J.: 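Handing you this structure, nothing more for now.
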Amino acid sequence: ASASSAAATSDVIIQMFQWSWESVGAECTNFIGPAGYGYVQVSPAQEAYSGDEWWTDYQSVSYTIKNKHGDRDEFQSMVETCHAAGVKVVADIVINHMCGFDSGTGTAGDTFTHYSYVDYDSSDFHYCGTTDDAIEDWSNAWQIRNCQLENLADLNTTSDKVRSTLAGHLDDLVDLGVDGFRIDAAKHILPSDIEAILAEMSGSVSYITQESEYSTGGSGVYPSEYISIGQVNAFEFAYYMRSAFFYDGLSAFESVESLGWNLESQYANTFIANHDTERDEDTLYYGDASYTIAHVLMMAHPYGTPTVLSSYSFTDINAGPPNNGNGTCSGNGGSGDWLCQHRYMAIANMVPWRAAVGSESMVNWQMGTSGQIAFGRGSTGFVAINNASSDWSSTFTTSLAEGTYCDVISGASTNGTCTGTSISVGGDGSFTASVPAISAIAIYTGATV
Ligand code: LAG
Ligand code: CA
């Protein structure tokens, strides 16, 4: 049996955080395309403040496509290489603001002073009137949109000039072959301004996800305001994943409606961690024991469209990427400080599993202790997740046809044998297995012997 036929329908995105364009292209060819992922989301491409920290990407200086991740030709060639491997490209776009420094040089050699850049002068910005024009009241939607986030010069996105300049930048990315956008700091831009900018473009993209954090307790801005534009990062999901795997148990995943999340499934871009949250304590991050099985749950679950963060280990939260940003992986993991989470066997093998189950509904929900859950997706796939510190031995009820299935968490189906655990599903749909501690098993019709 082969899983490759399912690859084309994958919706799974990898956030290739800080990977150079050249290394993203190579990884599309070497692993991401063959593994069947749908998209890579790359770091911002526009000229930014020159500096070693990763976050200089979010300090725009101009819309010239040249920064530490590569130049215009390298960007275009990365998009072409990924497309040839069957992978679409999502660009991270910084349209809320420009640089926060008083003056300096950008990655394409342009100089600037605060509020004066290649494309803009001081009349193109918001000055909201608070001290330092900073957002002071995070329950005030007007301040969130019109004051400065982190001292970053806040573009007046309601003005025609700013809108047409930004639309020109986005059209340029589309000309370079980009398929989708991740809109940075969308929460800080009026949805009607984003709509107007997109409407002014000549081109278009097929996928949009937006960074609009939902802060518990209410923040004056809600993700639901953005769903007419595209998907929204499901921060509530990521926060809940952390509390579920740490404290609350996994029972709520039988019916996430009970959690009252702000985003319906079709609008939710789910994630376990992003580049910001892996640097704070709000979500799980790569150092947590349950990090990988949380991904298995996200990818097996019908809620949302998942993004897998592929990042690097760090001790200094400001540190830029290892190896000059040239991402490297090895086997089913990383190389040096690059983590290559997208290559983890449990994560990569859930991509064709997820594509195969498609929109089939959750069936045969079962639990052991509060950290042990199992469920199927129609008659195509079944997963058991054990977040407890001891094995979970049980007889599981599935809707799968009788047969021998390969557990794709521990291996694959190759040349008629399972390289990992084999699971025998009987004529009544049941099987008996032991799910290792802090691990999972996943079987589906695409990996049988
Ligand atoms: C985002 N989403 O809305 C990004 O996901 C997030 O990574 C960005 O912050 C933020 N919005 C602005 O685009 C990052 C860092 C900040 C950094 C900022 C600008 O998390 O720490 O701010 O990018 O580079 C840094 C300094 C600030 C300083 C600011 C301006 O940390 O202290 O005020 O630069 O110079
Ligand atoms: Ca703004």
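Since we're looking at a predicted model, the values are computed, not measured. In each ligand, atom 1 is the first atom listed, and ligand 1 is the first ligand listed. In this chain, numbering begins with 1 at the start of the sequence shown.
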J.: Atoms of ligand 1 less than 4.0 Å from Asp276 heavy atoms?
T.: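 Near Asp276, the atoms of ligand 1 are 4 (C), 5 (O), 6 (C), 7 (O), 20 (O).
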
J.: Provide the number and element of each atom of ligand 1 under 4.0 Å from a heavy atom of Ala185.
T.: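 With Ala185 as reference, the close atoms of ligand 1 come out as 2 (N), 3 (O).
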
J.: Apply the test salt bridge (charged side-chain N to carboxylate O under 4.0 Å, His left out) to residues Asp282 and Arg242: give CA-CA distance (whole Å), side-chain angles for both, the deciding distance (0.1 Å), then the verdict.
T.: CA-CA 7 Å; Asp282 293 338; Arg242 182 177 192 271; over 6 Å; no

J.: Any atoms of ligand 1 less than 4.0 Å from a non-hydrogen atom of Asn151? List them with their elements.
T.: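 Those atoms are 33 (O).
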
J.: At a 4.0 Å cut-off, with the gap strictly under it, does some heavy atom of Arg182 reach an atom of ligand 1?
T.: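 So Arg182 counts as touching ligand 1.
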
J.: Starting from atom 19 (C) of ligand 1, locate the nearest protein heavy atom and write down its residue, its atom name and how far away it is, to 0.1 Å.
T.: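 Checking every protein heavy atom, the shortest distance to atom 19 (C) of ligand 1 gives Gln59 NE2, 3.3 Å.
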
J.: Is there an N/O/S atom in Ile144 that lies less than 3.0 Å from the Ca ion (ligand 2)?
T.: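 Coordinating: no.
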
J.: Centroid separation under 6.0 Å, is that true for the rings of Tyr312 and Phe17?
T.: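 Between Phe17 and Tyr312, the centre distance is under 6.0 Å.
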
J.: Below 4.5 Å, heavy atoms only, C-beta onward: do Gln15 and Asn274 meet side chain to side chain?
T.: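 Result yes, sub-4.5 Å side-chain heavy-atom pair found.
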
J.: Give the intermediate values and the outcome of side chain to side chain contact (heavy atoms under 4.5 Å, CB included) for residues Arg279 and Phe314.
T.: CA-CA 9 Å; Arg279 287 171 172 71; Phe314 58 85; 3.6 Å; yes

J.: At a non-hydrogen distance cut-off of under 4.0 Å, which region of Leu152 contacts ligand 1 (side chain, backbone, both, or neither)?
T.: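 Within the 4.0 Å criterion, Leu152 contacts ligand 1 through side-chain atoms alone.
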
J.: Please give me the minimum heavy-atom distance between Asn387 and Leu250, naming the atom from each residue.
T.: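 Scanning both residues completely, I find the closest heavy atoms to be CB-CD1, 4.3 Å.
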
J.: With a 4.0 Å heavy-atom cut-off (strictly under), which part of Glu150 contacts ligand 1: side chain, backbone, both or neither?
T.: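 It is both backbone and side chain that touch ligand 1.
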
J.: Between Trp55 and ligand 1, does any nitrogen or oxygen pair lie at a separation below 3.5 Å?
T.: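 Among all N and O atoms of Trp55, at least one is under 3.5 Å from an N or O of ligand 1.
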
J.: Quick one: do Asp92 and Arg182 make a salt bridge, cutoff under 4.0 Å?
T.: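 Arg182 and Asp92: salt-bridged.
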
J.: Report yes or no: does Lys187 have a heavy atom closer than 4.0 Å to ligand 1?
T.: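 The answer is no, since Lys187 has no heavy atom less than 4.0 Å from ligand 1.
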
J.: Using the ring pair (Phe, Tyr, Trp, His ring centres under 6.0 Å) rule, pick out the option among Tyr303, Phe235, Tyr222, Tyr267 that qualifies with Trp261.
T.: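 That would be Tyr303; it is the only one of Tyr303, Phe235, Tyr222, Tyr267 passing the ring pair (Phe, Tyr, Trp, His ring centres under 6.0 Å) with Trp261.
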
J.: With a cut-off of 4.0 Å, which atoms of ligand 1 are near a heavy atom of His97?
T.: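 Those of ligand 1 that fall under 4.0 Å from His97 are 12 (C), 13 (O).
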
J.: Note the single closest protein heavy atom to atom 10 (C) of ligand 1, along with its residue, its atom name and the distance in Å.
T.: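 Atom 10 (C) of ligand 1 sits closest to the protein heavy atom Leu149 CD2, 4.1 Å.
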
J.: With a heavy-atom distance limit of 4.0 Å, tell me whether Gln148 approaches ligand 1 through its side chain, its backbone, both, or neither.
T.: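 It is neither part, as no heavy atom is under 4.0 Å.
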
J.: Report the angle formed at the Ca ion (ligand 2) by atom OD2 of Asp154 and atom O of His188, rounding to the nearest 10°.
T.: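 Asp154 OD2 and His188 O form an angle of 160° at the Ca ion (ligand 2).
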
J.: Answer yes or no: is there an ion pair linking Asp11 with Arg354, defined by an N-O contact shorter than 4.0 Å?
T.: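 Judged by the 4.0 Å cut-off on N to carboxylate O distance, Asp11 and Arg354 do form a salt bridge.
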
J.: Please compare Asn233, Asn318, Asp184 and report which has the shortest non-hydrogen distance to atom 4 (C) of ligand 1.
T.: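 Ranked by closest heavy atom to atom 4 (C) of ligand 1, first place is Asp184.
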
J.: Between Asn269 and Asn233, is a side chain to side chain donor-acceptor pair (under 3.5 Å) present by the stated rule, with each step listed?
T.: CA-CA 5 Å; Asn269 173 206; Asn233 295 163; 3.1 Å; yes

J.: Is it true that Tyr286 and Tyr344 have ring centroids separated by less than 6.0 Å?
T.: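 No; Tyr344 has its ring centre 6.0 Å or more from that of Tyr286.
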
J.: Just need the protein heavy atom nearest to atom 20 (O) of ligand 1, so name the residue and atom and give the distance.
T.: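 Sorting protein heavy atoms by distance from atom 20 (O) of ligand 1 puts Trp54 CH2, 3.5 Å first.
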
J.: Quick check: does Thr157 have an N/O/S atom under 3.0 Å of the Ca ion (ligand 2)?
T.: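 It does not; every qualifying atom lies at 3.0 Å or beyond.
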
J.: Between Arg145 and Glu225, is there a side-chain N and carboxylate O pair less than 4.0 Å apart?
T.: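 Glu225 and Arg145: salt-bridged.
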
J.: I need the nearest protein heavy-atom contact for atom 3 (O) of ligand 1: residue, atom name and distance, please.
T.: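 For this ligand atom, the closest protein heavy atom is Glu211 OE1, 2.3 Å.
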
J.: Quick check on His275 - does any of its heavy atoms sit under 4.0 Å from an atom of ligand 1?
T.: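 A heavy atom of His275 does come that close to ligand 1.
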
J.: Would you say that His342 contacts Phe31 through its side chain, given a criterion of any heavy-atom pair below 4.5 Å between the two side chains?
T.: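 Answer yes - side chains close enough.
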
